[in-house]
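When a ligand or atom number is given, it counts from 1 through the structure's own listing order. Just the heavy atoms: all of them, side chains too, but no hydrogens, waters or symmetry mates, feed the values below. Everything numeric here is computed off the predicted structure, so don't read it as measured data.
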Amino acid sequence: MSVAQGREYLAIPGPSVMPEAVLQAMHRSAPNIYEGALIDLTASLIPDLKRVARTEHNAAIYICNGHGAWEAALSNVIAAGETVLVPATGRFGMGWADMGRGLGIEPQILDFGKSTPWEPDRVAEALRADAGHKIKAVLGVHVDTSSSVRNDIAGLRRVLDEVGHPALLMVDCIASMACDRFEMDAWGVDVAVTGSQKGLMVPPGLGFVFFNDKAAAVRAAMPRVSRYWDWEPRADPQAFYQYFGGTAPTHHLYGLRAALDMIHAEGMEHVWARHARLAEAIWAACEVWGQGGPLRLNVADRAHRSHAVTALHLGAPHGTALRDWVTQNLGLTLGIGLGMTEPDDPAWHGFLRIGHMGHVNGIMVLGMLGGIEAGLNALDIPHGTGALEAAAKVIAGA
Ligand SMILES: *Cc1c(COP(=O)(O)O)cnc(C)c1O
């Protein structure tokens with residue numbers, strides 16, 4: 001018997017769960033975009049976004065998803081024919097590189113596989129080999145959402161500094177911002193990109209690009225920049241429409257205001273600590289399940305695991321069977337595996353991911369883990385016992 005009636009829970013790595021406060025803030029008639037409250041509200045978002053990215057520098061908002069934010073960032077600082085270095089640890093590093101190819105940029109990819117972080121020595125070697133400084137930027141994905149690998153951004157900055165290479169450090173924080181600790185200025189990041197629908201808890205539709213003065217200087221020297229992606233007027237608008245290069249994404253802005261209020265009321269340190277605690281509870285359960293069956297965490301080393309998404313391998317056909325079972329019977333949606341095999345490969349059905357980003361608390365995680373346990377039992381997938389107790393202990397801080 002299905003017991004799926006009730007509130008559905010989407011535990012995928014974006015879009016994330018939207019808080020009631022965000023939904024309610026968006027539920028209103030169309031506002032005046034020429035004067036009044038919306039203009040002030042938009043201006044108020046900028047400092048609060050910068051506090052999330054931990055930067056004193058500039059922020060530009062785009063009406064787009066994460067792919068758009070990727071293109072926006074590249075369009076401002078990398079010209080066609082120029083080279084970028086991409087240390088990839090999963091599908092998303094490859095995706096950003098490919099976005100560059102579409103702009104005529106030449107990505108030089110260092111492939112670190114799908115379950116381990118990048119190796120600083122290999123990045124250093126590639127930078128040292130570039131004596132003529134053809135590489136204009138290093139594109140690093142902080143958390144690769146396909147593999148759930150979390151990379152060391154401050155360490156990547158150290159590599160650039162030690163080699164003495166002038167390339168910009170550009171970072172994709174789409175899956176990590178407001179989930180995993182990220183310190184744009186302290187870590188020496190020149191450009192950071194994110195989107196609205198993950199840690200920021202707002203529906204898909206807004207992209208954000210943060211950039212410092214070094215990146216602004218590169219932008220100023222560009223031969224030309226796409227009018228729409230140009231971050232200059234957006235970050236320093238002389239008229240309201242310039243924030244968005246046209247009509248404002250009115251309702252998203254109300255939602256974002258509510259989300260930023262929640263994030264800053266909780267405090268960035270606490271937001272990060274909450275994500276860490278919940279992630280550790282998920283890992284604890286998965287490790288126990290794995291002791292008596294095929295379930296494996298994709299990233300072996302805890303120090304390199306995301307606090308926002310967990311990639312798992314259960315073996316085909318169990319991954320898909322489990323996802324289907326919890327959706328149909330419990331109203332719980334888990335994420336598909338991404339980028340680990342081609343979708344037409346039967347092995348594809350062995351992979352899955354859990355999203356635990358944004359508006360997630362202890363009871364949601366315990367409920368989600370209980371749902372997986374029920375599915376493992378119902379489908380006769382072998383697994384260790386005591387996973388929920390292990391997770392509950394972590395949640396309790398015991
Ligand atoms: C989700 C995500 C993207 C892509 O964002 P879309 O909104 O789906 O275009 C890119 N990079 C990372 C790390 C992501 O998690």
Side-chain angles (χ1 to χ4, degrees), residues 10-18 52-53 61-75 84 86-103 107 109 112 114-115 117-118 138-153 156 169-182 184 189 191-210 229 249 252 255-256 259 275 279 298-299 304-311 333-340 351-358 360:
L10 188 67
I12 70 172
S16 62
V17 173
M18 289 178 284
V52 175
I61 308 178
Y62 297 87
I63 300 177
C64 65
N65 58 19
H67 283 71
W70 273 346
E71 181 154 320
L74 293 174
S75 298
V84 293
V86 186
T89 59
R91 182 73 204 84
F92 286 89
M94 298 297 182
W96 201 3
D98 195 50
M99 213 66 184
R101 274 189 208 103
L103 296 168
I109 294 175
F112 292 98
K114 296 170 181 173
S115 59
W118 55 54
V138 179
L139 311 188
V141 178
H142 187 201
V143 163
D144 196 300
T145 322
S146 62
S147 60
S148 69
V149 168
R150 179 160 51 89
N151 286 296
D152 177 7
I153 301 299
L156 191 54
L169 176 54
M170 301 176 69
V171 179
D172 171 347
C173 300
I174 299 174
S176 57
M177 198 169 282
C179 303
D180 274 286
R181 175 179 294 278
F182 174 76
M184 175 164 167
V189 174
V191 178
V193 308
T194 195
S196 52
Q197 81 275 25
K198 298 190 182 177
L200 292 176
M201 311 182 292
V202 176
L206 296 180
F208 306 94
V209 178
F210 301 91
W229 294 130
H252 276 74
L256 180 61
H275 279 84
N298 184 49
V299 181
H304 302 306
R305 287 183 194 155
S306 158
H307 294 161
V309 52
T310 299
T333 304
L334 301 171
I336 59 167
L338 194 65
M340 306 309 269
F351 297 93
L352 70 159
R353 291 173 303 159
I354 302 171
H356 36 104
M357 45 181 54
V360 184

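- There is a side-chain donor-acceptor pair under 3.5 Å between Asp180 and His307.
- A donor and an acceptor atom, one from each side chain of His252 and Ser196, are nowhere located under 3.5 Å apart.
- Cation-pi check for Lys198 over Phe92 is met; the charged atom lies under 6.0 angstrom from the ring centroid and within 45 degrees of its normal.
- The closest protein non-hydrogen atom to atom 5 (O) of ligand 1 is Gly66 CA, 3.3 Å.
- The atoms of ligand 1 that sit less than 4.0 Å from any heavy atom of Lys198 are 1 (C), 2 (C), 3 (C), 14 (C), 15 (O).
- At least one heavy atom of Trp70 sits closer than 4.0 Å to an atom of ligand 1.
- Within a 6.0 Å radius of CZ in Arg91, no more than 12 heavy atoms belonging to other residues, nucleotides or ligands are found.
- Using bins of under 30°, 30° to 60° and over 60° for the plane-to-plane angle, the ring pair Trp96/Trp70 lands in the parallel bin.
- For the atom pair His356 NE2 and Thr310 OG1, the distance stands at 2.5 Å (nearest 0.5 Å).
- Considering only non-hydrogen protein atoms, atom 11 (N) of ligand 1 sits nearest to Asp172 OD2, 2.7 Å.
- The protein heavy-atom contact nearest to atom 3 (C) of ligand 1 is Phe92 CE2, 3.4 Å.
- The protein atom (non-hydrogen) at minimum distance from atom 15 (O) of ligand 1 is Thr145 OG1, 2.3 Å.
- Two residues are said to be in side-chain contact when any heavy atoms from C-beta on lie closer than 4.5 Å; Val84 and Val138 fail this criterion.
- Considering both main-chain and side-chain atoms, Val141 never comes within under 3.5 Å of ligand 1 through any nitrogen or oxygen pair.
- At least one heavy atom of Gln197 sits under 4.0 Å from some atom of ligand 1.
- Less than 4.0 angstrom separates some heavy atom of Val143 from each of these atoms of ligand 1: 13 (C).
- For atom 4 (C) of ligand 1, the nearest non-hydrogen atom from the set Glu71, His67, Met357 comes from His67.
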